[in-house]
Protein chains: 2
Amino acid sequence: MFTSARNLTQPSTPAALRPLAGSYPPCVGQIALFAPDAEIFAQGERAGFLYRVEFGAIRVYRLHADGRRQIVAFHLAGETFGLEAGGTHSFFAETTVHTGLSKVSLAGEMVPQELMALALRSMLHAREHLLVVGRQSALERIGAFLVDIAVRLGDVDTIDLQMTRLDIGDYLGLTIETVSRSFSRLRDEGIVKFHGVKTIEIVQPERLALLCG
Amino acid sequence: MFTSARNLTQPSTPAALRPLAGSYPPCVGQIALFAPDAEIFAQGERAGFLYRVEFGAIRVYRLHADGRRQIVAFHLAGETFGLEAGGTHSFFAETTVHTGLSKVSLAGEMVPQELMALALRSMLHAREHLLVVGRQSALERIGAFLVDIAVRLGDVDTIDLQMTRLDIGDYLGLTIETVSRSFSRLRDEGIVKFHGVKTIEIVQPERLALLCG
DNA sequence: CGATTTGTTGAGGCCCCTCAAGCTCCGTGG
DNA sequence: CCACGGAGCTTGAGGGGCCTCAACAAATCG
């Protein structure tokens, strides 16, 4: 399985940092813009910052020696990421689409209580992800994925996927073909409806929920 | 798949709490003894304590509606568990064998810094577990499992498994038969050697490490 | 509007699951 | 001490779900 994970397209906007009017309420600093597949931090790098996703999305992943990639988390608009054990990043973080990030310094700006809550939420999410990947069928995984994303976007019924089928596959432990087939199956069953490749409308939320266990 | 997870054998020693000479240096309180398969806490219960494993082992898991069980973590001697997001337990915790636990009250006894480190380590471990379950073959999963356990027991070369094949399967997303077959394969290849069913000697650590990616 | 990336669908094969039978280990009681 | 029973483990045979390989369609971008 070959995933061109390190194939970093440089931002079409020259470097990366560019000031912007603070469009999100709780945004303190400036917003940095990134093109798709831009590296935010790499495994082994010293960790010192948290990042808040203003728009777009982030994938956090690791590569196996043979090229297999496992994405352990996506981070969507409004979410904060970058907190890691030991002061060194254990994973890679990249944008999946055009993304705006604001930096949050670890010292100050966030009280220990918030950091703790963030760490615990991340642990919980990793474990819930494990439930999905460990014991569910392909269709169940896709279902759980859609429900998770929909909830995190604010219980919406129409999702704009911020990632490719390859990203989704590497997140769920499936191949791109199986992801595609599962989506088609959900469409054929009338559970979801596609408006373009990346826009999914959840037509029958109850049946989707049934799938997830 | 039927896993009799709630089949709680009551401790052969009457109840549970029984004082014992503090045999581990950093042990503050009394040690409670539990029989195999004793419930320590249940999903939905109010969380307020941490537990330190003095000897034995703990499985942390959740059940799907149809009985499928996913173990998200094992906790071995010397490790602390019970920290969860939201003040309510999201998982079940049970002993896998005869186990001694000491309670640690969340307020006091542990400084916030230690709690934070514990949370971050748990997050990291869940994510590393995800790497194994998401993209590895059965043999690779068993290999990674053995390496992980060996390291956590102090880089030993002989492991006393504190859990059944069923536990291991539900941890790695495999059936009991596949776990058994993988062990046999490692034995036939001369990578490990069995001294009884639960005692594994790692004969060729380098080859075992090669398996894990 | 052509080139390239991304997504869909089909055919075939493999790995793991399922089902089944027999074995080992261990605690219990005679 | 050994016989016995049951739970746990091992091994085999067969089937199914997902992966692999392949071709084509759709979407995206310069």
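Lettering of chains follows the sequences in order, A, B, ..., and the numbering in each one begins at 1. Atom set for the values below is all heavy atoms of this structure, side chains included, hydrogens, waters and symmetry mates excluded.
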Which nucleotide in the list [options] gets nearest to the side chain of [X]?
X        : options                : result
B:Val197 : C:dG7, C:dC17, C:dC25  : C:dC25
A:Glu177 : D:dA22, D:dC9, D:dG12  : D:dA22
A:Ser137 : D:dG12, D:dC18, D:dT20 : D:dC18
B:Arg165 : D:dT10, C:dG10, D:dC18 : D:dT10

Touch class at under 4.0 angstrom, heavy-atom based, for B:Gly169 against every strand present: nothing
Which whole-number value in Å describes the distance from [X] [atom1] to [N] [atom2]?
X        : N      : atom1 : atom2 : result
A:Phe194 : C:dT6  : CZ    : P     : 17 Å
B:Gln136 : C:dC15 : CD    : P     : 16 Å
A:Asp37  : C:dT4  : CG    : P     : 18 Å
B:Lys198 : C:dC26 : NZ    : C1'   : 11 Å
B:Asp170 : D:dG8  : CG    : P     : 13 Å
A:Leu174 : C:dG7  : CG    : P     : 15 Å
B:Leu166 : C:dC17 : CG    : C1'   : 14 Å
B:Arg141 : C:dC17 : CZ    : C1'   : 12 Å

Side chains of [X] and [Y] only: does a donor on one sit below 3.5 Å from an acceptor on the other?
X        : Y        : result
B:Ser102 : B:Glu54  : yes
B:Arg181 : B:Ser184 : no
A:Gln162 : A:Thr96  : no
B:Asp148 : B:His125 : yes
B:His89  : B:Glu84  : yes

Residue whose nearest DNA chain D nucleotide is more 5′ - A:Gly173 or A:Gly196: A:Gly173
Minimum heavy-atom distance between B:Leu124 and A:Ala85, given as atom pair plus value: CD2-CB, 4.3 Å
Bend angle of the helix from C:dC1-D:dG30 to C:dG30-D:dC1, end axes from five pairs each (to 10°): 50°
B:Asp157 with B:Lys193: basic N within carboxylate O range, under 4.0 Å: no
Residue-level proximity of residues 179-188 of chain B to DNA chain D when a heavy atom falls under 4.0 Å: B:Ser180, B:Arg181, B:Ser184, B:Arg187
Short side-chain N/O contact to D:dC18 OP1/OP2 from A:Thr178, under 4.0 Å: no
Partners meeting salt bridge (Lys or Arg N to Asp or Glu O under 4.0 Å) with A:Arg62 (sequence neighbours left out): B:Glu128
A:Arg185 atom CZ, neighbour heavy-atom count above 12 within 6.0 Å: no
Separation of B:Ile168 CD1 from B:Phe74 CZ (nearest 0.5 Å): 6.5 Å
